[in-house]
Number of protein chains: 2
Amino acid sequence: MDESCTVYQAADFIGRRWTALILLELYKGESMTRRYSELKKRIPGITPKMLSMRLRELEREGLVKKTVDASEFPVKSSYSLTKSGKDFIKIIKVLKNWALTWKLDNKLCKNAECGKCPADNL
Amino acid sequence: MDESCTVYQAADFIGRRWTALILLELYKGESMTRRYSELKKRIPGITPKMLSMRLRELEREGLVKKTVDASEFPVKSSYSLTKSGKDFIKIIKVLKNWALTWKLDNKLCKNAECGKCPADNL
DNA sequence: CGGTATCCTTTCGGATACTG
DNA sequence: CAGTATCCGAAAGGATACCG
């Protein structure tokens, strides 16, 4: 697949570490807005570098919108899903349904609500 | 996302280079069977190592079925999609539809049939 | 024909320290 | 608070040669 093809790009994208996780975290509660520090706290193990990298990628690709409140110190940043970002969630849903159908031996996914799974709300 | 979660695994999976390409190649013509050398010829640029690696992964994950005819020399191998493999194609379809909806500026995908796109038949 | 084996480069991502 | 800078090890993937 040509690297300039968005299908390829989207596939490459979702496969990167933390990306799906960040999207799902922003998806919880629909039009949720999350601060950088909230994301960091709610996504165990992610380093500041990876979080800001992924957020920049997602912003560049138009899935995430960043807003900055610089009116006072310290500066506050908020992130939320754009329309295309929300729509991207459906891809994760399809992925999950595929897994539920064909990978039933996997304990984490067998239980409709595997407490540990961030894709729980799908 | 826990690495043992199949949702994560499936995402990781589709993001790997050549994987989607191989699946799409096997999908052309529905229950198509392809020889190793056919795949190699039809997927420009793939190296023997990558092709056999990906095929092994896909087989291990149950998306691809391999059959070997060792009755004569040289040995002949054939690969085809399993049910779960065919079903996985729908994920690529959703991916493509998402791209078509939100990434219309991309010329390759804008044309409903971009001759160069292996996802053309979706 | 259908792969392996080897080597090598590039990219990814983790750890940690630091800053406006 | 919201990141950036630096360093480093691991893993992915390409090139090429070889084998049963």
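Each chain gets a letter, A, B and so on, in the order the sequences are listed, and its residues count up from 1.
- Between A:R17 and C:dC12 there is no side-chain polar atom (N or O) within less than 4.0 angstrom of OP1 or OP2.
- Between B:W18 and D:dG14 there is a side-chain polar atom (N or O) within less than 4.0 angstrom of OP1 or OP2.
- Rounded to whole Å, the distance from CE on A:M53 to C1' on C:dC12 is 8 Å.
- For A:Y79, no side-chain nitrogen or oxygen approaches OP1 or OP2 of D:dC1 to under 4.0 Å.
- Taking the screw axis at each terminus of the helix from C:dC1-D:dG20 to C:dG20-D:dC1 from five consecutive base pairs, the angle between the two is 50° to within rounding of 10 degrees.
- The side-chain heavy atoms of A:W102 and B:D87, taken from C-beta on, include a pair separated by under 4.5 Å.
- Listed for the B:R54 side chain is a donor-acceptor partner under 3.5 Å among the backbone atoms of B:R17.
- Atom NZ of A:K41 and atom P of D:dG3 are 16 Å apart (whole Å).
- Checking side-chain atoms of A:K103 against main-chain N and O of B:V7 turns up no donor-acceptor pair under 3.5 Å.
- Here D:dG3 presents its C1' atom at 16 Å from NZ of A:K76, a figure rounded to the nearest Å.
- No side-chain heavy atom of A:E59 sits under 4.5 Å from any side-chain heavy atom of A:K65.
- A close approach under 4.0 Å does occur between a side-chain nitrogen or oxygen of A:S77 and OP1 or OP2 of D:dG3.
- Within the structure, a side-chain polar atom (N or O) of B:R35 is placed less than 4.0 Å from OP1 or OP2 of C:dG2.
- In this structure, the side chain of A:Y36 engages the main chain of A:P48 through a donor-acceptor pair within 3.5 Å.
- Heavy atoms of other residues, nucleotides or ligands lying less than 6.0 angstrom from NZ of B:K41 number 12 at most.
- Distance B:K40 NZ to D:dG14 C1': 12 Å, rounded to the nearest Å.
- Applying the 4.0 Å criterion to OP1 and OP2 of C:dC12, one finds that A:R16 has a side-chain N or O inside that range.
- Looking only at distances, no side-chain donor or acceptor of B:R42 sits under 3.5 Å from a matching main-chain atom of B:I22.
- Taking the side chain of B:M50 as heavy atoms from C-beta on, and the options D:dC1, D:dG14, C:dT16, the nearest nucleotide is D:dG14.
- The side chain of B:P74 lies closest to C:dC1, out of C:dC1, D:dT4, C:dG3.
- Regarding B:F13, its CZ atom lies at a distance of 12 Å from the P atom of D:dG13, rounded to whole Å.
- Contacts of B:K49 with the nucleic acid, taken as non-hydrogen atoms under 4.0 Å apart, include base atoms.
- Nearest to the side chain of B:R54, among D:dG14, D:dG13, C:dG3, sits D:dG13.
- Put simply, CD1 on B:I46 is 16 Å from P on D:dT16, counting in whole angstrom units.
- The separation between A:D69 atom CG and D:dG3 atom P is 13 Å, rounded to whole Å.
- For the OP1/OP2 pair of D:dT4 and a distance below 4.0 Å, the side-chain nitrogens and oxygens of A:R56 include at least one atom meeting the criterion.
- DNA chain D is contacted by both B:V75 and B:G45; B:G45 maps to the nucleotide lying nearer its 5′ end (nearest heavy atom per residue).
- The phosphate of C:dT4 has OP1 or OP2 within less than 4.0 Å of a side-chain N or O from B:S52.
- For the residue pair B:S78 and B:T33, the shortest heavy atom distance occurs at CB-CG2, 3.4 Å.
- The phosphate of D:dA15 (OP1 or OP2) has no side-chain N or O of B:T47 nearer than 4.0 angstrom.
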